[in-house]
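Shown next, in structure tokens, is the structure this report addresses.
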Amino acid sequence: MSTGFELFTDRNVVAMRVNGELKDLAATTTDTDTVEPVTIDSPDGLNILRHSAAHVMAQAVQSINPEAKLGIGPPVTDGFYYDFDVAEPFQPEDLKAIEKAMDRIIRQGQRFQRRVVTDAEARAELADEPYKLELIGLKGAGDSHSDDNESVEVGGAELTIYDNVDGKTGEVYWKDLCRGPHLPNTRMIGNGWSLVRNAAAYWRGSEKNKQLQRIYGTAWPTKDELREYQERQAEAAKRDHRKLGKELDLFSFPEEIGSGLSVWHPRGGIVRGEIEQHARKRHQEGGYTYVYTPHITKADLFITSNHLVTYKEGMFPPIRMDEEVDDEGNVTKQGVDYYLKPMNCPMHILIYKERGRSYRDLPMRLAENGTVYRNELSGALHGLTRVRGFTQDDSHLFVTPEQLEDEVAKVLDFVISMLRDFGLEDFELELSLKDDEKDKWIGSDEFWEYSTNALRHVAQRTGLKLTEVPGEAAFYGPKIDLKTKDAIGRTWQLSTVQVDVNLPERFELEFTDKDGTKQRPIMIHRALFGSIERFFAILLEHYAGQFPVWLSPVQVVGIPVAEAYEDYLGDVIRQLRDAGVRAELDASSERMQKKIRTHTTMKVPFQLIAGEEDAKNGSVSFRFRDGTQENGVPIPDAIARITTAIADHAQV
RNA sequence: GCCGCCCUAGCUCAGUCGGUAGAGCAUCUCACUCGUAAUGAGAAGGUCAAGAGUUCGAUUCUCUUGGGCGGCUCCA
């Protein structure tokens with residue numbers, strides 16, 4: 001018998017795994033146990049650090065406000081939070097006071113002491129903590145959601161309370177219902193932590209429940225790592241597409257139009273146009289046909305598709321047409337309701353249905369940049385990534401069951417190679433499956449098995465990292481989602497490929513097979529960028545506004561050293577424009593240094609400068625985004641260099 | 001939608017313990033004609049988000065509405 005303290009003397013060890021289970025170092029082990037150390041910088045160790053910091057924060061809050069009732073306090077990515085039920089929401093000044101109190105607790109070196117309790121004991125000790133009592137009740141009811149945040153409190157096989165006690169006297173300062181494990185001592189939290197913000201959050205994540213006040217913090221093994229984290233946050237803030245969109249004059253959301261509805265300025269329009277043109281060309285090469293469909297439709301269409309049942313809250317309210325009302329307000333002629341479309345699929349289906357289809361018509365690949373409108377909750381809106389009107393690069397493929405696997409494989413290859421064209425490189429896949437829950441899924445077991453296997457084979461063949469997530473499929477079929485990592489390591493979900501037998505069924509789609517029988521096609525829903533607005537925002541952040549040359553709104557700006565060289569440099573700019581380059585001459589009366597500054601902040605990839613020297617030699621001088629320069633480049637070479645960079649989608 | 005915070009010139013922000021406002025940049029004018037990140041001078045620009053209330057008086061206090069930000073929920 002020995003404790004973790006005896007087994008591991010390394011100060012970086014904060015807990016241990018005993019036969020695979022995380023335990024406090026104070027726990028005892030036997031010779032037959034498999035015991036592994038958990039260091040503070042490991043994923044488990046970080047969680048323990050952060051969860052322990054959450055406890056200290058809760059103790060600090062209750063030391064300041066004994067009336068604060070405890071919610072839950074789990075670790076999350078990069079940090080932790082704790083929820084409190086308090087009469088008055090926290091203010092920024094409160095966070096400072098809480099940090100001070102936390103600092104005292106940490107310096108005090110309180111020990112975390114684990115204690116097993118019965119249900120009755122826990123209820124008695126936590127009589128003043130209604131939310132904890134509710135959690136105890138849940139556990140009693142055999143609730144076994146083992147991976148949610150609540151399990152941090154009551155997820156173990158037995159109920160445990162952690163006491164925070166004085167390192168020397170053993171006096172109990174505070175206690176909390178908790179599964180553990182914890183750091184041995186609050187001092188190990190060190191100084192690599194900080195409170196980040198406070199916000200409201202619904203108790204147990206349901207908007208039907210009361211809102212609690214949540215305080216978020218971040219915690220790291222060292223102060224240096226905290227600083228690095230803060231720098232990463234600052235870098236992300238610098239790249240924020242909402243900020244760059246304003247600075248680079250790309251798009252805006254005029255209040256007069258309404259929230260979540262974007263307008264695209266000339267510069268943003270150029271970038272978006274390049275994205276769309278490139279995608280269009282690739283789609284046409286890939287056997288897709290572009291179609292156009294209207295923005296509004298009579299209700300019938302979305303009743304048939306069932307969207308007006310399952311998705312009604314997500315849709316804008318109807319526009320009533322042709323209704324006539326007399327002076328008393330009685331309806332004398334029935335009107336018709338029109339809806340803004342939240343999806344394009346039913347419209348594409350109607351194109352399919354316009355005439356009888358043969359197996360020879362399949363696969364049929366319809367593509368559209370279809371603008372859809374969704375009544376998103378106002379609080380959910382966020383820049384261009386979450387809006388009320390957006391354009392999906394939507395495709396619907398109609399295939400025979402036999403074609404499904406091949407076609408999905410093609411689609412996935414297509415998606416990946418297209419995203420590579422835009423400079424994204426790091427991908428992984430998520431295969432969403434059905435689970436055992438009854439009633440949630442439609443379609444036969446055979447269909448699910450067949451289509452799931454098809455998607456799995458295809459996904460595996462890409463060689464990309466693949467995660468399978470049971471229960472995440474659409475109710476009508478499995479799907480593959482593609483995620484990408486941007487330049488600063490953030491993950492974005494982009495493309496989705498979904499198999500659907502539901503809509504073909506609802507709309508009674510058919511094709512005539514070789515043997516003359518009528519068969520039902522399978523539909524594949526495919527969004528590549530997801531939403532063009534959102535994809536644009538992701539690229540903008542990925543490149544921090546420094547788009548590769550082909551996407552840059554202005555590719556070249558000519559800056560004459562003095563007015564006398566405007567004609568000379570203007571001629572070079574004209575040649576570039578003739579070659580299809582977006583080149584401009586800055587003939588304003590500013591000084592050249594000022595112009596360089598202006599166009600550098602606008603992130604123009606090539607600045608061409610010419611004065612006496614270059615005019616004499618028939619050359620120009622390059623200044624690049626990073627401030628480096630290359631002087632005396634002969635004009636033809638300069639033009640070739642620029643056009644090549646555009647054609648190659650090069651970053652400069 | 002919910003909770004909290006916020007909205008002052010085109011932009012970024014000061015400011016007014018209630019007596020109707022200021023800077024820098026951008027814009028316009030003039031002078032300077034200049035070789036790699038801001039030339040100088042001057043001018044113009046604001047019903048302090050909108051509406052209502054309290055007050056002798058509101059940009060400032062209160063309420064309502066709109067918009068934004070951070071979360072929750074939701075999601076392309």
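In what follows, every chain begins at residue 1, and chains take the letters A, B, ... in the order their sequences are listed.
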With respect to the side chain of A:Glu255, which nucleotide from B:rG66, B:rG71, B:rU36 is positioned closest? B:rG66
Whole angstroms only, please: what is the CD-P distance between A:Gln392 and B:rC75? 14 Å
Between B:rC6 and B:rA44, how far apart are the two P atoms, rounded to whole Å? 35 Å
To the nearest Å, give me how far apart CG (A:Asn209) and P (B:rC2) are. 17 Å
Does A:Arg591 place a side-chain N or O at less than 4.0 Å from the phosphate oxygens OP1/OP2 of B:rU33? no
I'd like to know if A:Asp94 and A:Lys96 make a salt bridge, using a cut-off of under 4.0 Å between side-chain N and carboxylate O. no
For B:rG70, does the base pair up with any side-chain atom of A:Asn198 as donor and acceptor (N or O, under 3.5 Å, distance only)? no
Hey, is the side chain of A:Glu376 pairing donor to acceptor with the base of B:rA76 inside 3.5 Å? yes
Given B:rC72, B:rU33, B:rC34, which nucleotide is nearest the side-chain atoms of A:Gln211? B:rC72
Ranking B:rG71, B:rG35, B:rA38 by distance to the side chain of A:Tyr216, first place goes to B:rG71
Between B:rU12, B:rA76, B:rC72, spot the one nearest the side chain of A:Ala201, thanks. B:rC72
When we call it a touch if two heavy atoms are under 4.0 Å apart, what does A:His382 touch: a base, just sugar-phosphate, or nothing? sugar-phosphate
Classify A:Val372 by what it touches in the nucleic acid, base, sugar-phosphate, or nothing, heavy-atom distance under 4.0 Å. nothing
Indicate, with a heavy-atom threshold strictly under 4.0 Å, whether A:Ala527 touches base, sugar-phosphate, or nothing. nothing
When we call it a touch if two heavy atoms are under 4.0 Å apart, what does A:Lys595 touch: a base, just sugar-phosphate, or nothing? nothing
Is it possible for you to check whether A:Arg534 lies under 6.0 Å from the centre of the six-membered ring of A:Phe529, through NZ or CZ, and within 45° of that ring's axis? no
What I want to find out is whether A:Glu612 reaches A:Lys616 closely enough, with some N-O distance under 4.0 Å, to be called a salt bridge. no
Per nearest nucleotide of RNA chain B, the residue lying toward the 5' end, A:Gln91 or A:Met592, is A:Gln91
If you compare every side-chain N and O of A:Lys594 against the phosphate oxygens of B:rC25 (OP1, OP2), does one of them come in below 4.0 Å? no
Considering only side-chain heavy atoms of A:Glu563, which listed nucleotide, B:rG70, B:rA38, B:rU33, is closest? B:rU33
Among B:rA76, B:rC74, B:rU39, find the nucleotide with the atom closest to the side chain of A:Gln593. B:rU39
Does a side-chain N-to-carboxylate-O contact under 4.0 Å join A:Arg272 and A:Glu533? yes
Just one of A:Val554, A:Val604, A:Ile573, A:Leu576 clears the side chain to side chain contact (heavy atoms under 4.5 Å, CB included) bar with A:Glu584, so which one? A:Val554
Checking A:Arg50 against A:Tyr81: charged group under 6.0 Å from the ring centre and within 45 degrees of the axis? no
Salt bridge check: are A:Lys603 and A:Glu247 linked by an N-O gap of less than 4.0 Å? no
B:rU73 base to A:Glu207 side chain: any donor-acceptor pair below 3.5 Å? no
For B:rA50 versus B:rA58, give the span between their C1' atoms, rounded off to a whole number of Å. 15 Å
Pairwise P distance for B:rG66 and B:rG10, with rounding to whole Å: 24 Å
Pick the P atom in B:rC61 and in B:rA23, then give their distance to the nearest Å. 24 Å
Taking any heavy-atom pair under 4.0 Å as a contact, classify A:Arg374: base, sugar-phosphate, or nothing. base
For A:Arg625 and B:rU36, is the shortest distance between a side-chain N/O and OP1 or OP2 below 4.0 Å? no
Convert the base pairs of RNA chain B into dot-bracket notation, remembering that pairs crossing earlier ones are written with [ ] and that bases paired across to another strand are shown as |; include only Watson-Crick or G-U pairs under 3.5 Å. (((((((..((((.....[..)))).(((((.......))))).....(((((..]....))))))))))))....
Counting only side-chain N and O atoms of A:Arg214, is one of them less than 4.0 Å from OP1 or OP2 of B:rG71? no
Counting side-chain heavy atoms from C-beta on, which of B:rG35, B:rG1, B:rC3 comes nearest to A:Pro89? B:rC3
Which of B:rC74, B:rU36, B:rG71 is nearest the side chain of A:Ala199? It is B:rG71
Measure CD/A:Glu613 against C1'/B:rC34 and give the value in whole Å, please. 14 Å
Under-3.5 Å donor-acceptor pair between A:Tyr81 side chain and B:rG71 base: no
Can you tell me if A:Phe90 is stacked onto the base of B:rG4, using a 5.5 Å centroid cut-off and an angle below 30°? no
Compare the minimum distances between each of B:rU36, B:rA38, B:rU39 and the side chain of A:Gln629, then state the nucleotide with the smallest one. B:rU36
Determine, using ring centers only, whether A:His542 and A:Phe547 are less than 6.0 Å apart. no
A:Leu381 vs A:Ser621, nearer the 5' end of RNA chain B by closest nucleotide: A:Ser621
Rounded to whole Å, please give me the gap between CG in A:Asp83 and C1' in B:rC2. 14 Å
Please report, rounded to the nearest Å, how far the P atom of B:rA26 is from the CG atom of A:Asp586. 13 Å
Ignoring hydrogens and geometry beyond distance, is the side chain of A:Arg534 in donor-acceptor contact with the base of B:rA76 at under 3.5 Å? no
Using the P atoms only, state how far B:rG22 lies from B:rC69, rounded to an integer number of Å. 31 Å
Measure the distance from CZ on A:Phe529 to P on B:rC75 and round it to the nearest whole Å. 24 Å
Picking from B:rG35, B:rC32, B:rG4, which would you name as closest to the side chain of A:Ser589? B:rC32
Separation between the C1' atoms of B:rU39 and B:rC32, rounded to whole Å: 7 Å
Under 4.0 Å, counting only non-hydrogen atoms across every strand here, what does A:Ser378 touch: a base, just sugar-phosphate, or nothing? base
Parallel, tilted or perpendicular, as decided by the 30° and 60° cut-offs, for the rings of A:Trp203 and A:Tyr131: perpendicular
Please check if the distance between the ring centroids of A:Tyr290 and A:His283 is under 6.0 Å. yes
Would you list the atom pairs, donor with acceptor, under 3.5 Å between side chains in residues 423-435 of chain A and any protein atom, with sequence neighbours excluded?
unit_1: A:Glu430; atom_1: OE2; unit_2: A:Lys483; atom_2: NZ; d: 2.9
unit_1: A:Asp435; atom_1: OD1; unit_2: A:Glu437; atom_2: N; d: 3.1
unit_1: A:Asp435; atom_1: OD1; unit_2: A:Trp441; atom_2: NE1; d: 3.2

Roughly how many Å apart are B:rC13 and B:rU8, using the C1' atom of each and rounding to a whole number? 9 Å
To the nearest Å, how far apart are A:Ile596 CD1 and B:rC34 C1'? 11 Å
On a whole-Å scale, what distance lies between the P atoms belonging to B:rA14 and B:rU54? 32 Å
